[in-house]
Asker: 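If you scroll down you'll find the structure; I have some questions about it.
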Amino acid sequence: MAGARRKARILAFQALYEADSVGHEAELAVSRLLASEGLAEESSAFARELVSGVIHSKEEIDQNIRHFAPAWPIEQIPTVDRNILRLAIFEILLDKKVPVKVAINEAVELAKRFGSDSSPRFVNGVLGSVSALASK
């Protein structure tokens, strides 16, 4: 099950990245990605839920990024890192369906796979601060 949810998170991240970097519609991007991946319906629904949640809460999520990474203007955060943070902050602060540690671990794994050498540490640091807020 964890593997299927990780694949769904990866597809959600890829759709958000595509929307952010080239301006495609995120929901259409996730549909296209899901069609080529053939995930189970439950995993597909999870990926769609993540994308929809991030898109609909983007301004609130970005305010949290600005608050927890004040040294980095959001436009200057690498696109990969920015979208990993958006996904994780949605899961931690808004969706609240997975344990905070799971959301952070999944985000760090995405950063290791898709980001730069410094991405995992940056993502983990920002989300560590976010998790302190979430536990209040």
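Nothing fancy with the numbering, it's 1 onward along the sequence.
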Asker: Same cluster or not: are I74 and L16 linked, directly or through other Ile, Leu, Val, Met, Phe, Trp or Tyr residues, by side-chain heavy atoms under 4.5 angstrom apart?
Answerer: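 Yes, same cluster.
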Asker: How far does CG of N64 sit from CD1 of I89, to the nearest 0.5 angstrom?
Answerer: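 Spacing of CG (N64) from CD1 (I89) equals 5.5 Å.
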Asker: Whether the side chain of S131 engages the backbone of G128 through a donor-acceptor N/O pair (distance < 3.5 Å, no angle test) should be reported.
Answerer: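 Yes, S131 side chain to G128 backbone: donor-acceptor pair under 3.5 Å.
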Asker: Can you pull out every ring pair (Phe, Tyr, Trp, His ring centres under 6.0 Å) where at least one residue sits in residues 95-132? Sequence neighbours excluded, please.
Answerer: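 Sorted result for residues 95-132: F13-F114, W72-F122.
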Asker: For G53, is there any backbone N or O sitting under 3.5 Å from a side-chain donor or acceptor partner on S57?
Answerer: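 Checked: pair present.
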Asker: Given R32, which of E27, H24, E18, Q14 fulfils the side-chain hydrogen bond (donor to acceptor under 3.5 Å, both in side chains) condition?
Answerer: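 Only one of E27, H24, E18, Q14 forms a side-chain hydrogen bond (donor to acceptor under 3.5 Å, both in side chains) with R32, namely E18.
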Asker: Evaluate the side-chain proximity of I10 to R113: yes if any heavy-atom separation is below 4.5 Å, no if none is.
Answerer: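 In short, these two side chains touch, coming nearer than 4.5 Å.
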Asker: State which residues pass salt bridge (Lys or Arg N to Asp or Glu O under 4.0 Å) with K58; sequence neighbours excluded, sorted by chain then number.
Answerer: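 Result, salt bridge (Lys or Arg N to Asp or Glu O under 4.0 Å) vs K58: none returned.
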Asker: Find out whether I61 and L94 are in side-chain contact, i.e. whether some heavy atom of one side chain is under 4.5 Å from a heavy atom of the other.
Answerer: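 I61 vs L94: side chains touch.
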Asker: Should V130 and L93 count as side-chain neighbours, where that means a heavy-atom distance under 4.5 Å?
Answerer: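 Counting from C-beta outward, V130 and L93 do come under 4.5 Å.
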Asker: Looking at OG of S43 and CG of L11, how far apart are the two atoms once the value is rounded to the nearest 0.5 Å?
Answerer: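 Here the rounded value is 9.5 Å.
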Asker: Do you reckon L39 sits in the same ILVMFWY cluster as V51, going by side-chain contacts under 4.5 Å, direct or chained?
Answerer: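 Yes, one cluster joins them.
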Asker: Taking side chain as C-beta onward, heavy atoms only, is L110 less than 4.5 Å from V123?
Answerer: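 No. Closest side-chain heavy atoms not under 4.5 Å.
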Asker: CD1/I77 to OG/S119 distance, rounded to the nearest 0.5 angstrom?
Answerer: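 Taking CD1 in I77 and OG in S119, the distance rounds to 11.0 Å.
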Asker: Which heavy atom of I92 sits nearest to which heavy atom of K96, and what is that distance?
Answerer: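 Heavy atoms only, the tightest pair is O-CG, 3.5 Å.
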Asker: Could you tell me whether R9 and E109 have a side-chain N and a carboxylate O separated by less than 4.0 Å?
Answerer: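 No.
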Asker: Determine the minimum heavy-atom distance between A15 and L33, stating which atoms define it.
Answerer: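 Answer, listing the atom of A15 first, then L33: N-CD1, 3.7 Å.
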Asker: With side chains defined as the heavy atoms from C-beta onward, is the minimum distance between R5 and E106 less than 4.5 Å?
Answerer: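 Of all side-chain heavy-atom pairs linking E106 with R5, none is under 4.5 Å.
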Asker: Closest approach of A8 and A47, non-hydrogen atoms and distance?
Answerer: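 Nearest pair, atom of A8 first, then A47: O-CB, 3.5 Å.
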Asker: So do the side chains of L87 and L50 get within less than 4.5 Å of each other, counting heavy atoms only?
Answerer: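 In contact.
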Asker: I'd like to check T79 versus R82 (side-chain heavy atoms, cut-off strictly below 4.5 Å). Are they in contact?
Answerer: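 Yes, side chains in contact.
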Asker: Using the ring pair (Phe, Tyr, Trp, His ring centres under 6.0 Å) rule, collect all pairs that involve residues 48-69, keeping only residues at least two apart or in two chains.
Answerer: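 Ring pair (Phe, Tyr, Trp, His ring centres under 6.0 Å) check on residues 48-69 returns no pairs.
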Asker: Would you say that R86 contacts I55 through its side chain, given a criterion of any heavy-atom pair below 4.5 Å between the two side chains?
Answerer: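 R86 vs I55: side chains apart.
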Asker: Counting neighbours of CZ on R121 that are heavy atoms of other residues, nucleotides or ligands and sit closer than 6.0 Å, is the number greater than 12?
Answerer: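 Not buried by this count: 12 neighbours or fewer within 6.0 Å.
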Asker: How far does CZ of F90 sit from CD of E60, to the nearest 0.5 angstrom?
Answerer: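 F90 atom CZ to E60 atom CD measures 10.0 Å (nearest 0.5 Å).
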